[in-house]
Undergrad: 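Starting off with a structure, shown below.
Side-chain atoms are counted along with the backbone in the values below, which use heavy atoms only and exclude waters and symmetry mates.
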Amino acid sequence: MTEYRLKGGLLFCLSLFTVSVQAHESFLQLHGGWQYRWGDSPFDIQGRPEWALQDIANGAWQEIDFPSNPPGRDGRSNVWFRIVLPNGNWHDPVIYIYSVDLIVQVYLDGRKIYQYGYFDQNGQGRFEGWPWHMIQLPADFAGKSLYFRVFSDYSDIGLWGEVKLMERLDLIKLILEHSVEQIIVSGFSLLIAGLAFVFALLQAERRSFFYLALFALASALMVFGQSQVKLWLFNAPLFWDHLAATGYFLLPVAMALLFGEWCAGSKYQTLIALLWRFHLGYAIGANVLPLLGYSAISRMYFVFDGIFAISLTLLFAVAFSRFRHVNNEQKFIIVTFAFFNLLLLLDMVVAHSILAWQRIPLAWGLLSFSLALISISLYHFVQTQTALKRLNATLEQKVKDRTRELELLATRDPLTNIMNRRAFYQKGEPIFRAAMRYKRNLSVIVLDIDHFKHFNDAYGHAVGDQVLVMVADCFRKNCRDSDFAARFGGEEFVLLLEEADSHSAVKFAERLRISVAELRLPDIKQTITASLGIACLKPETQNLDELIIRADRALYEAKHSGRNRCCYL
């Protein structure tokens, strides 16, 4: 972990230099002078492998050009490799390995100096991911034999890609140089995926843009998952391999969906639908089965690559058979698809050792597709924005006026100009949930005007309406900024008091009751009074309605006790 933190800090210092200046790397390719031996070494009582302690000329060892996939495997899963380290003037020497299938231990002078993965007592273990490896060497390594103990139940076994003896600083520069374009392209593709998704929400051709977004996202995940610098961001190789595999396995899904859109109504539609459904099921299973312990993500690649190659052949046969029937935009995308997937096929061939190992520039294929996508997306965006501006010029003011009217109608009681029941719940529900979550005080008061029916019957509804307005004015004069009231119907009002405990709520209710009792109507002898019920939030309260119901019960007690009083339950 200390080494990864060191390299993470150096990343920022070296990245600009790496991009602008081609570093001169000092390294030796270790692509010759190797020997291998099938099986696993016994260990002495001190835990040292006997094969690493024997004389280098032991006849059990066989020559091999590169320590990968020796002949005569016959289902075996354990193999050892060794090499005599060369002389040289090194300051901080390390061995760099592009990847290992699947787990490895490294010994020098019979002492273990590196391990990736965990070997059980039978010399076996489980897949831990495909990271690159840096093995630190002691200063006196020259002329000594370096031993590699490897286990793999995968189709390949041994070291893979390239093995170099180099300076630690040169290795850091190498990782940066090989990762810069992948980081830039994958980040750019994520941006494109986001833009395409936005267009999927705005444009008429929703599904096409959504499928393009899925393809860009899957490609970006795959390319970034293959970048080596990712381990400096988060040292979890298996996580990154799952991420890259998810993107890789989703590529044919997105491609088949796109081709299905372009070939709608053709005789190929059923075939394309079967392809994307099959690959979607494979992508889900390839992630779920390893999590359940039934397989490893490494085994999923071997089967998938063969299926993917067949699917690519079918899709492009369909695409180019329809090439004359699609528009210019779709032709441009098909061509960039072809370039990207040609690189995918080459990478697949290299991965299965059909071609000699080399770095395939998948990022360039992805970049070509991304540029095609963004140019088309920008074209549609400009068209959409122009149309929207013309439409907004005539409708904007009308929309604002109508919105203001609807807001008043939807949230205000037209007589008292305070909240209605609907607005009370819209504003009160989030406050209630926050109070429950953070254990804050919250109180509800239900107020009912005493003998209100008598005002309407004796003096007319106009006087009754005036009483309601006067009571609502009392709320405005007595409530804090954080409190709010609503008319629930007839002569009943509900108030919600934030950060108010039972003592504060009762005190406020009493002050409000007195304020109402002081109201006077000209030439009318009947006094205006109100009864109030109070309820406070308790840990067992389930919802806002329950709080209001308890306050309503308290109101009933207040009325039953003689009216013009406050009651708390």
Undergrad: If you look at every heavy atom in Asp241 and Gly129, which pair is closest and at what distance?
TA: OD2-CA, 2.9 Å

Undergrad: Is Glu510 salt-bridged to Arg513, cutoff N-O under 4.0 Å?
TA: yes

Undergrad: If you define the side chain from C-beta out and look only at heavy atoms, does anything of Ser219 sit under 4.5 Å from Leu251?
TA: yes

Undergrad: Give me the atom names and distance for the closest heavy-atom approach of Ile307 to His279.
TA: CG2-CE1, 3.7 Å

Undergrad: At their closest point, which heavy atom of Gly464 faces which heavy atom of Phe455, and how far apart are they?
TA: CA-CB, 4.4 Å

Undergrad: Decide yes or no for Val471 and Leu447: does some side-chain heavy atom of the first lie under 4.5 Å from some side-chain heavy atom of the second?
TA: yes

Undergrad: Counting only heavy atoms not in Tyr459, do more than 12 fall under 6.0 Å of its OH?
TA: yes

Undergrad: Indicate the atoms forming the closest heavy-atom contact of Gln182 with Gln228, along with that distance.
TA: OE1-N, 4.2 Å

Undergrad: Considering residues, nucleotides and ligands other than Arg126, do more than 12 of their heavy atoms fall under 6.0 Å from its CZ?
TA: no

Undergrad: Does the side chain of Phe475 reach to within under 4.5 Å of the side chain of Thr416, using non-hydrogen atoms?
TA: no

Undergrad: Could you tell me how the ring of Phe304 sits relative to the ring of Phe249: parallel (under 30°), tilted (30 to 60°) or perpendicular (over 60°)?
TA: tilted

Undergrad: Take atom CZ of Arg422 as the centre, draw a 6.0 Å sphere, and report whether it contains more than 12 heavy atoms from other residues, nucleotides or ligands.
TA: no

Undergrad: So how far is it from Phe432 CZ to Glu498 CD, rounded to the nearest 0.5 Å?
TA: 13.0 Å

Undergrad: About how many Å separate CD1 of Ile548 and CZ of Arg553, when rounded to the nearest 0.5 Å?
TA: 13.0 Å

Undergrad: Roughly how far apart are Ser227 OG and Trp240 CH2, rounded to 0.5 Å?
TA: 7.0 Å

Undergrad: Please check if any side-chain donor atom of Ser531 sits under 3.5 Å from a side-chain acceptor atom of Asp450, or the reverse.
TA: yes

Undergrad: Roughly how far, to the nearest 0.5 Å, is the CG atom of Asp552 from the CD atom of Glu557?
TA: 11.5 Å

Undergrad: Looking only at non-hydrogen atoms, find the nearest pair between Glu546 and Asn543 and report the distance.
TA: N-OD1, 2.8 Å

Undergrad: So, do Pro252 and Leu312 sit near enough that their side-chain heavy atoms are less than 4.5 Å apart?
TA: no

Undergrad: How many angstroms lie between NZ in Lys427 and OG1 in Thr411, if you round to the nearest 0.5 Å?
TA: 10.5 Å

Undergrad: With rounding to the nearest 0.5 angstrom, report the CZ to CD1 distance, Phe484 to Ile431.
TA: 4.0 Å

Undergrad: Is there a side-chain contact between Met300 and Leu289 (heavy atoms, below 4.5 Å)?
TA: yes

